[in-house]
Amino acid sequence: MRMIFAFAAACLCGGTALAAPPHYDVAAHFDPEGRLDADVTITLSEGEAEKAFLLSQRFAMQPTALPHGVTMTVEPADSPMPALNRYVFRFADPHAEPVKLHFRYAGPIDTEHDSGNKPLRPEGYELFLDHMWYPVGADIQTRFTVDATIDGLAPDLVVVAQGDVTRTPDGVRIRRDFLDIDLPLVAMRGLERAEAHGVEFYSRDLSAWRSRQYIKHSEAAARYFEAMFGPLPRKVRMAQVWRERSMGYARTAYTVVTEGRAGSPEDSEVGPGRHVAHEIAHAWWMLASPLTDDFWLVESAAEYMSMRYVEQAFGPEELAKNIAAKREATTKAGPVMGHGRPDRVQLYGKGPLLLVDLEHRIGRAAMDRLMIAMAKEPVHTTAVFLHHLTEIAGADAAREFDTALHT
């Protein structure tokens, strides 16, 4: 599923280990016309001499006082998406005490750079990192805890978010004491709630064929992966929303999928089953940087695990069809690694096929040991993967796989 920045990295910030992660205190207000007024305080416990954040240029920043010994510069940025401002804070000395950085800004929530996913729609709001609506660590790896109060959400909007979510008469309070790089939010009319093992599911029609398949296979995939990797760290909140462009993305214990066409009992379950299995797999495969070629360890690994689920749930014939389709689509894919972040074909096609081929070379039992060992790592990098592969299957297997990634 398309997931521009859908990952969580280790508790690293600018390369320096922190005694405590950053904490965001967010006070935001949406008005009916789609304007956002926000007041965000970011507390850094200790750390480096410089820290940078990104925010969309559609928001006008108000002057705020800087902490003693801190200077700030602002410069335009066009990466990882267009029309951003980069706010660079420099500290006279690496701070040993907590430092609070204050952002006060306002502007339209809608953006032309929305990847086909408008943040404000007639049904309500869908916000996540791609909309750059709050200060995002410029490394796109800064994980944080958050306390957020968001007002201006009509009472008929059903709010789906991470952590503890408390509805108020005019909005919502969100407290997330676990780490992630995003503050994702769905607030839409008409959402109904269902609960199954491993998933808390929201849809505007739980009786619809596609909704029932998502719930069924989310639960089944969760049980399948738990048998290999251990219990889900947290139940996954999954929102099925309607939008112009089909896409999906995952965060820690949080997934959004597209409603798509209604579907019927005559349709195959394989598509929705593979789709949600991929998203559930991200509970274990989210720990690589989205800005480097190591990102295959997020998307390719989750896609490989979804293929394993397809085989388990629908049989080897369906897996063979999926493999054949990927081979046909990746004849000109280019190398997965060696050029920065892989593209879509490399992430969802070639990368998973390389893992399938690796399984055929070393055997499923060894492949399972490899994936289990890797899933336990706090940081996912290719070097760590190759280390485990060497320990399990030998240096030749690791060398061949590394060559395949770069070929």
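The model shown is predicted, which means the values in this text are computed figures rather than measured ones.
Using a 4.0 Å cut-off between charged nitrogen and carboxylate oxygen, Glu123 and Arg204 do not count as a salt-bridge pair. For Lys326 and Glu328, the salt-bridge test fails: no basic side-chain N is under 4.0 Å from an acidic carboxylate O. Ion pairing of Arg327 with Asp357 is present here, as a side-chain N (NZ or NE/NH1/NH2) and a carboxylate O approach within less than 4.0 Å. Of the charged side-chain nitrogens involved, at least one lies within less than 4.0 Å of a carboxylate oxygen, so that Arg86 and Glu75 count as a salt-bridged pair. A salt bridge links Asp37 to Arg35: at least one charged side-chain nitrogen sits closer than 4.0 Å to a carboxylate oxygen. Between Glu126 and Lys118, none of the side-chain N atoms (NZ, or NE/NH1/NH2) sits under 4.0 Å from a carboxylate O, so this pair counts as no salt bridge. Between Arg399 and Asp402 there is no salt bridge, since no side-chain nitrogen of the basic residue lies less than 4.0 Å from a carboxylate oxygen of the acidic one. A salt bridge does not link Arg274 to Glu318: none of the charged side-chain nitrogens sits closer than 4.0 Å to a carboxylate oxygen.
Contact annotation: the side chain of Ser300 never approaches that of Met305 to less than 4.5 Å [non-hydrogen atoms, C-beta and beyond]. Thr142 is not listed as a side-chain neighbour of Ile181, based on a closest heavy-atom distance of 4.5 Å or more. In this structure, the side chains of Asp110 and Pro119 come closer than 4.5 Å at one or more pairs of heavy atoms. Side-chain contact between Glu377 and His388: present, with at least one pair of heavy atoms (C-beta onward) separated by less than 4.5 Å. Side-chain contact check for Val160 versus Tyr254: some heavy-atom pair is nearer than 4.5 Å. Inter-residue side-chain proximity for Arg251 and Leu129 is flagged as met; some heavy-atom pair is nearer than 4.5 Å. A 4.5 Å side-chain heavy-atom check between Thr41 and Leu101 finds every atom pair outside the cut-off. Contact check for Pro135 versus Ile42: side-chain heavy atoms found under the 4.5 Å cut-off.
In this structure, Arg344 satisfies the cation-pi test against Tyr348, with its NZ or CZ atom closer than 6.0 Å to the six-membered ring centre and inside 45 degrees of the ring normal. Taking the centre and axis of the six-membered ring of Phe144, the NZ or CZ atom of Arg176 falls inside the cone set by 45° and 6.0 Å.
Between Phe103 and Phe53, the ring-plane angle classifies as perpendicular under the 30° and 60° cut-offs. Between Phe401 and Trp296, the angle of the ring planes lies from 30° to 60°, which puts this pair in the tilted group.
Judged by distance alone, the side chain of Asp180 and the main-chain N or O of Thr252 form a donor-acceptor pair under 3.5 Å. When atom types are taken as modelled, the side chain of His131 and the backbone of Phe128 share a donor-acceptor pair closer than 3.5 angstrom. Of the possible polar contacts, none joining the Glu50 side chain to the Phe89 backbone as a donor-acceptor pair under 3.5 Å is found. Under the 3.5 Å distance criterion, the side-chain polar atoms of Gln346 are matched with a main-chain donor or acceptor of Pro335. Remark: side-chain polar atoms of Thr145 are not paired, donor with acceptor, to backbone N or O of Phe178 under 3.5 angstrom. Of the possible polar contacts, none joining the His217 side chain to the Ala220 backbone as a donor-acceptor pair under 3.5 Å is found. Looking at Ser79, its side chain never comes within 3.5 Å of a backbone N or O of Met81 through a donor-acceptor pair. Under the 3.5 Å distance criterion, the side-chain polar atoms of Lys51 are left unmatched by any main-chain donor or acceptor of Arg90. Looking at Arg210, its side chain never comes within 3.5 Å of a backbone N or O of Tyr214 through a donor-acceptor pair. For the pair Arg104 (side chain) and Ala38 (backbone), a donor-acceptor distance under 3.5 Å is present.
Side chains of Thr43 and Lys100: a donor-acceptor N/O pair is present below 3.5 angstrom, by distance only. For the residue pair Asp294 and Thr382, a side-chain donor N or O sits within less than 3.5 Å of a side-chain acceptor on the partner. Glu219 and His197 are not linked by any side-chain donor-acceptor pair at a separation below 3.5 angstrom, with hydrogens and angles left out of the test. Asp130 and Tyr249 form no side-chain donor-acceptor contact under 3.5 Å, judged by distance and modelled atom types alone. There is no side-chain donor-acceptor pair under 3.5 Å between His275 and Gln213. Inspection of the His23 and Asp147 side chains reveals an N or O donor paired with an N or O acceptor under 3.5 Å. Remark: the Glu226 side chain and the Tyr224 side chain contain no N/O donor-acceptor pair separated by less than 3.5 Å.
Atom CG of Leu353 sits about 12.5 Å away from atom CG of Leu358, to the nearest 0.5 Å. Taken from CG in Asp78 to CD in Gln57, the straight-line distance is 7.0 Å, to the nearest 0.5 Å. Residue Trp284 holds its CH2 atom at 7.0 Å from CZ of Phe229, rounded to the nearest 0.5 Å. Expressed to the nearest 0.5 Å, how far CG of Leu183 lies from CD1 of Ile174 amounts to 5.5 Å. Rounding to the nearest 0.5 Å places CG of Asp151 at 7.5 Å from CG of Leu153.
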Show, in sequence, the C-alpha distance, side-chain angles and deciding distance for Met307 and Val356, and conclude whether the side chain to side chain contact (heavy atoms under 4.5 Å, CB included) test is met.
CA-CA 9 Å; Met307 295 165 74; Val356 169; 3.8 Å; yes
Residues Thr255, His282; criterion side chain to side chain contact (heavy atoms under 4.5 Å, CB included); working and verdict:
CA-CA 9 Å; Thr255 294; His282 279 305; over 6 Å; no
Check against side chain to side chain contact (heavy atoms under 4.5 Å, CB included), Asp39 and Asp25:
CA-CA 8 Å; Asp39 191 316; Asp25 287 290; over 6 Å; no
Verdict with reasoning, Glu317 to Lys321, per salt bridge (Lys or Arg N to Asp or Glu O under 4.0 Å):
CA-CA 6 Å; Glu317 297 82 5; Lys321 291 179 186 176; over 6 Å; no
Check step by step if side chain to side chain contact (heavy atoms under 4.5 Å, CB included) holds for Val186 and Val256.
CA-CA 9 Å; Val186 165; Val256 178; 4.1 Å; yes
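Remark: Arg193 CZ is packed, more than 12 non-hydrogen atoms of other residues, nucleotides or ligands lying under 6.0 Å away. Under a cut-off of 6.0 angstrom, the local environment of CZ in Arg173 is sparse, with at most 12 non-hydrogen atoms contributed by other residues, nucleotides or ligands.
Taking both residues in full, the closest heavy atoms of Val336 and Pro342 are given as O-CG, 3.3 Å, listed atom of the first, atom of the second, then distance. Leu185 and Ala161 get closest at one heavy-atom pair: CD1-CB, 4.2 Å. Nearest heavy-atom pair, Pro80 versus Met132, reported as atom, atom and distance to 0.1 Å: CG-CE, 4.2 Å. Contact record, Ile150 with Trp133: CD1-CH2, 4.2 Å, taken as the closest heavy-atom pair. In terms of heavy atoms, Arg58 sits closest to Pro108 at NE-O, 2.9 Å. The minimum heavy-atom distance between Ser203 and Leu206, with the atom names listed, is CB-CD2, 3.9 Å.
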Could you pull out all donor-acceptor pairs under 3.5 Å where a side-chain atom in residues 365-375 meets a protein atom, sequence neighbours excluded?
from, atom 1, to, atom 2, distance (Å)
Asp368, OD1, Arg308, NH1, 3.0
Asp368, OD1, Arg308, NH2, 2.9

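In this structure Glu359 satisfies the side-chain hydrogen bond (donor to acceptor under 3.5 Å, both in side chains) test together with Tyr304, Arg364, sequence neighbours excluded.
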